[in-house]
Amino acid sequence: MLRSTGDRVVIVGGGIAGALLAKTLQNHADVVLIDPKEYFEIPWANLRAKVDPAAVERTVIPHADYLTHAKVVTASAVGIDDSVVLTSIGRAVAYDFLVVATGRTCTRPQKQSERLEMFQRDKERIDAAESVLIVGGGPIGVELAAEIVMKSPEKRVTIVHGGPRLLKVMGARASAKALEWLRSKHVTVLLDQTVDLAGATPETRAFTTSAGETVEADCHFVCTGRPVASGWLRDSFLGEHLDEAGHVRVDDHLRVGGLKNVFAVGDITDVPEAKQGHLAQRQAMVVSRNLRLLVKGGACSREEKLHRYKPCPRASITVTLGRRDALAELPFMTLIGHIPGAVKPRDLFITRTRRMMGLKSKPYGTMPRVM
């Protein structure tokens, strides 16, 4: 068992929030990151990486590159009690402070090289295809469709979405603008329809929707929402602090159920705001400051100084539409086109995110190594 040291902070989940938290705490506490992957990736750049190999290596970053003073246990968390996290490799990790940052369920390979190969295979599938089916019309589906048609306008792209409008995380005006933009790029959008992919394989070329329409496509991508990854908590002492959707209930300090040494950040929380990467990073920084206070001075002496997290229920949402365009929903207006596209950097904040992680920025356009 990896024994506690008195200031041990165990972070479960190495996504955008967990990784940043581990990075900012590693010089202030005995930090252990538990993650089934050997890397973290910049999630909002995933779709660009499917069509642009220049973006790939800059977005998939080994934990060892930025965690120079922390321990990494490459495993999934499978159980927990009030002092120990149990892992899938049979290792028990004791903690003084715990942060749950497991986000949403997602299957990723363990090694960075395997993840890069996945992106390369996706790129090859898209390059070879004359037609592409995208199942799901949320931000991921819309952004992927835009990336494909802006890079290869000759490709036939179809979005099948189960709801009455695209982008339900945004308002009706934004949904209408997105639909109009996509149709102007000759993207076929089928609303209020679903596709049964139970028997689909990479070789499947014909798909039938719930309305009986047949969509022919050389390849397909599933871009529907995923449930939060809290199943491993359900039978633990934290299970009572999960809501019906599996989100972890947190207080203003992002502590779970008022427990003084357990926090949660990112998509897994019930914080009433959009589940966006930059907001997960904000949560991570609040918990980082709180844990530094607690580790430094003890829970009793620092309790009154803990920082509070202020949710952003009306935070601006931007959906990238290829390299030049974007759809931005602001508190006072909704914009689409080059103007909101110019606000979001060409490299999708990859350089800024790498800088936050203390990493040197590779020049945009650097080709990935051949694996």
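Positions are given from 1, in the same order as the sequence printed here. The figures here come from the full heavy-atom set of this structure, side chains too, leaving out hydrogens, waters and symmetry mates. It should be emphasised that the depicted structure is a prediction, and the values quoted were computed from it without experimental measurement.
Salt bridge absent: R249 and D270 never bring a charged side-chain N and a carboxylate O closer than 4.0 Å. Ion pairing between R58 and D347 holds under the 4.0 Å rule for side-chain N and carboxylate O. The pair R323-D52 meets the salt-bridge criterion, with a side-chain N (NZ, NE, NH1 or NH2) lying under 4.0 Å from an Asp/Glu carboxylate O.
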Checklist entry - Can you check ring pair (Phe, Tyr, Trp, His ring centres under 6.0 Å) on F207 and H220, steps first, answer last? => result CA-CA 10 Å; F207 305 83; H220 70 280; 5.0 Å; yes

Next on the checklist: Using the rule given for side-chain hydrogen bond (donor to acceptor under 3.5 Å, both in side chains), can you reason through S288 versus R292, listing the C-alpha separation, both sets of side-chain angles and the distance that settles it, and then say yes or no?
Outcome noted: CA-CA 6 Å; S288 178; R292 276 181 272 180; 3.1 Å; yes

Next on the checklist: Pair T209, T194 - check side-chain contact (heavy atoms from CB on, under 4.5 Å), show working.
Outcome noted: CA-CA 5 Å; T209 74; T194 58; over 6 Å; no

Next on the checklist: Is there a side-chain contact (heavy atoms from CB on, under 4.5 Å) between Y309 and V271? Walk through the geometry before answering.
Outcome noted: CA-CA 9 Å; Y309 182 76; V271 175; 3.8 Å; yes

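Figure legend: R125 and F221 shown as a cation-pi pair, the cationic atom lying under 6.0 angstrom from the six-membered ring centre and within 45 degrees of its axis. A cation-pi arrangement is absent between R121 and F119, since the terminal nitrogen or guanidinium carbon is not both under 6.0 Å from the aromatic centre and inside a 45° cone about the axis.
Inspection of the Q193 and E213 side chains reveals an N or O donor paired with an N or O acceptor under 3.5 Å. Side-chain N/O atoms of E124 and Q120 include a donor and acceptor closer than 3.5 Å.
Surrounding NZ of K71 are more than 12 heavy atoms belonging to other residues, nucleotides or ligands, all under 6.0 Å away.
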